[in-house]
Amino acid sequence: MAALCSPTSEAIEAAAKALRSGQLVAFPTETVYGLGADACSDEAVVRLYEAKGRPRFNPLIVHVEHADAAADHVEIDTLARRLMDAFWPGPLTLVLPRRESSPVSLLAGAGLDTLAVRAPAHPVARALLHAFAGPLVAPSANPSGRVSATEARHVVDDLGTRVSMVLDGGSCALGLESTIVELGASPKLLRAGALDRASVQDVLGQPLATEAGGPVRAPGALASHYAPALPVRLDARDVAPDEALLAFGPALEGAAVTLNLSERGDLREAAARLFSSLRALDRPGLRGIAVMPIPEEGLGEAIVDRLRRASAPRP
Ligand code: TXA
Ligand code: MG
């Protein structure tokens, strides 16, 4: 099993060393836990895809310490620079034209002529990137298609035998993956996430088009994704005694077990609790998970997106 390590400077050095030798290291970010690998090593990237059980066509996000480091890998135009200045380090991933000179594994970019880059804000992620002194690919640290990990324990439960180390940074503050924006002729929102659409639009000075999962890019956008083992039923106005209830606001009564995303109806609190609550309600012997209605505004856009995928017909 992977060692669960408190993120001391020794542990971070050891993690950077493990990464340099092609091993996988899970680490906390402000959004969700990432499963890190050396972005420039095909071998490490293959190991990562194997550990995730991820379809090979799904490209990975290249994590960097800051915008200057991103400039080694992608073309940064004025708009991209403006977004980086406003939101980095933080939960915004930008899809930008790949520089031919970038040493990032072509496999990591799934052969596309763009790369997704992000500078995470979590101090442990930053310390690890600094110690490693290079780009890391880091998909969410969960088996492909399943609920993302927001605590170190989740990673050990799901991937414990497949990673060398898990750096424990407590629960992730935001709890939802980064927002993914592709810049180009018209900026597109590829994945709603922890940074709400309006904040990005304010800085861009223009609206974001929504791209509902293109053919290859499909960001976390396989119809069924983020799924617990139990079936998920959305917009529940009632609940059965053999169902688990994921409540929002004042909870319906009569469920076998209830967890509330936010009693006071706060979307930020709900986002932070979403994945850990889905995991906690995913218990054998129940018929399914009923989810109360959640408004699709602000962070609600990303929360409802994840819940729709969790409730979609399974492949
Ligand atoms: O918050 C996050 O972004 C987390 C933490 C660990 O940083 N990472 C994460 O990675 O969610 P992952 O691999 O689970 O999701 C990456 C998404 C994928 O759905 C992929 O399709 C999209 O990013 N993506 C990566 N490169 C892309 C590209 N060149 N064009 C379009 N989409 C891309
Ligand atoms: Mg994921």
Side-chain angles (χ1 to χ4, degrees), residues 24-37 39 45 48-49 51-64 73-75 87-98 102 104-122 124-126 128-129 135-150 154-155 158-159 167 169 172-184 187-195 211-227 271 275 302 305-306 309-310:
L24 307 180
V25 171
F27 61 92
T29 80
E30 72 281 20
T31 60
V32 297
Y33 273 77
L35 181 58
V45 172
L48 183 61
Y49 281 126
K52 288 263 309 175
R54 156 166 293 198
R56 294 267 159 115
F57 50 75
N58 213 357
L60 301 168
I61 297 174
V62 176
H63 292 63
V64 293
H73 309 291
V74 290
E75 309 283 352
F87 300 115
W88 278 18
L92 174 68
T93 294
L94 292 174
V95 172
L96 296 169
R98 179 187 172 116
S102 166
V104 165
S105 152
L106 289 174
L107 191 61
L112 299 173
D113 53 12
T114 52
L115 276 179
V117 289
R118 133 166 160 85
H122 195 291
V124 174
R126 289 174 63 78
L128 183 64
L129 284 163
L136 293 174
V137 279
S140 49
N142 53 276
S144 198
R146 312 308 299 215
V147 179
S148 302
T150 53
H154 299 159
V155 184
D158 287 353
L159 296 170
L167 293 170
C172 300
L174 301 176
L176 271 181
E177 294 84 355
S178 60
T179 299
I180 305 182
V181 170
E182 176 167 28
L183 293 176
K188 293 191 193 84
L189 182 67
L190 298 186
R191 177 174 76 183
L195 179 65
E211 181 170 285
V216 178
R217 287 104 57 96
L222 299 169
S224 164
H225 204 79
Y226 308 102
F275 291 132
D305 170 80
R306 301 304 185 275
R309 294 183 204 287

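For this chain, numbers begin at 1 and follow the sequence in order. Whatever order the structure lists ligands and atoms in, that order sets their numbers, starting from 1.
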For ligand 1, is any non-hydrogen atom under 4.0 Å from Leu112's backbone (N, CA, C, O), its side chain (CB onward), both, or neither?
side chain
Does Arg191 come within less than 4.0 angstrom of ligand 1, counting non-hydrogen atoms of the residue?
yes
Please could you name the atoms of ligand 1 that Ile180 approaches to less than 4.0 Å, counting only its heavy atoms?
17 (C), 22 (C), 23 (O)
Counting backbone and side-chain atoms alike, does Ser144 have an N/O/S atom under 2.8 Å from the Mg ion (ligand 2)?
no
State the atoms of ligand 1, each with its element, that fall below the 4.0 Å cut-off from a heavy-atom position in Thr114.
28 (C), 29 (N), 30 (N)
Grab the two heavy atoms, one from Ser144 and one from Gly53, that are nearest each other, plus how far apart they are.
CB-O, 3.3 Å
Contacts of type side-chain hydrogen bond (donor to acceptor under 3.5 Å, both in side chains), residue Thr179, not counting sequence neighbours:
none
Counting only heavy atoms closer than 4.0 Å, does ligand 1 sit against the backbone of Pro59, its side chain, both, or neither?
both
Out of Val181, Ile61, Leu48, who gets a non-hydrogen atom closest to atom 16 (C) of ligand 1?
Ile61
Which of the numbered atoms in ligand 1 are below 4.0 angstrom from a heavy atom of Gly34?
6 (C)
Going by heavy atoms, is His63 under 4.0 Å from ligand 1?
yes
Give the numbers and elements of all ligand 1 atoms closer than 4.0 Å to a heavy atom of Ala138.
6 (C), 8 (N), 10 (O)
Parallel, tilted or perpendicular, judged at 30° and 60°: which one describes the rings of Tyr226 and Phe275?
parallel
Which heavy-atom pair separates Ser102 from His73 by the least distance, and what is that distance?
OG-ND1, 2.9 Å
Using a distance-only test with no angle check, is there a side-chain donor-acceptor pair under 3.5 angstrom linking Thr114 and Glu182?
no
As an exercise, identify every atom of ligand 1 less than 4.0 angstrom from a heavy atom of Ser178.
1 (O), 2 (C), 3 (O)
Which residues pass the side-chain hydrogen bond (donor to acceptor under 3.5 Å, both in side chains) test with Thr150, not counting sequence neighbours?
none
Atoms of ligand 1 close to Ser140 [distance to a heavy atom under 4.0 angstrom, numbered from 1]:
8 (N), 9 (C), 10 (O), 12 (P), 14 (O)
Please assess Leu106 against Arg98 for the test side-chain contact (heavy atoms from CB on, under 4.5 Å), listing each intermediate value before the final yes or no.
CA-CA 10 Å; Leu106 289 174; Arg98 179 187 172 116; 3.7 Å; yes
Which heavy atom of Ala108 sits nearest to which heavy atom of Ala39, and what is that distance?
CB-O, 4.3 Å
Contact summary for Glu30 and Pro91, nearest pair of heavy atoms:
OE2-N, 3.4 Å
Is it the case that the side chains of Ser178 and Thr93 hold a donor-acceptor pair, with the cut-off being a distance below 3.5 Å and no angle test?
yes
Does the residue Pro120 have a heavy-atom contact with ligand 1, meaning some pair of atoms that are separated by less than 4.0 Å?
no
Ligand 1 N/O within reach of Thr29 N/O, cut-off under 3.5 Å:
no
Is there at least one pair of N or O atoms, one from Arg118 and one from ligand 1, spaced under 3.5 Å apart?
yes
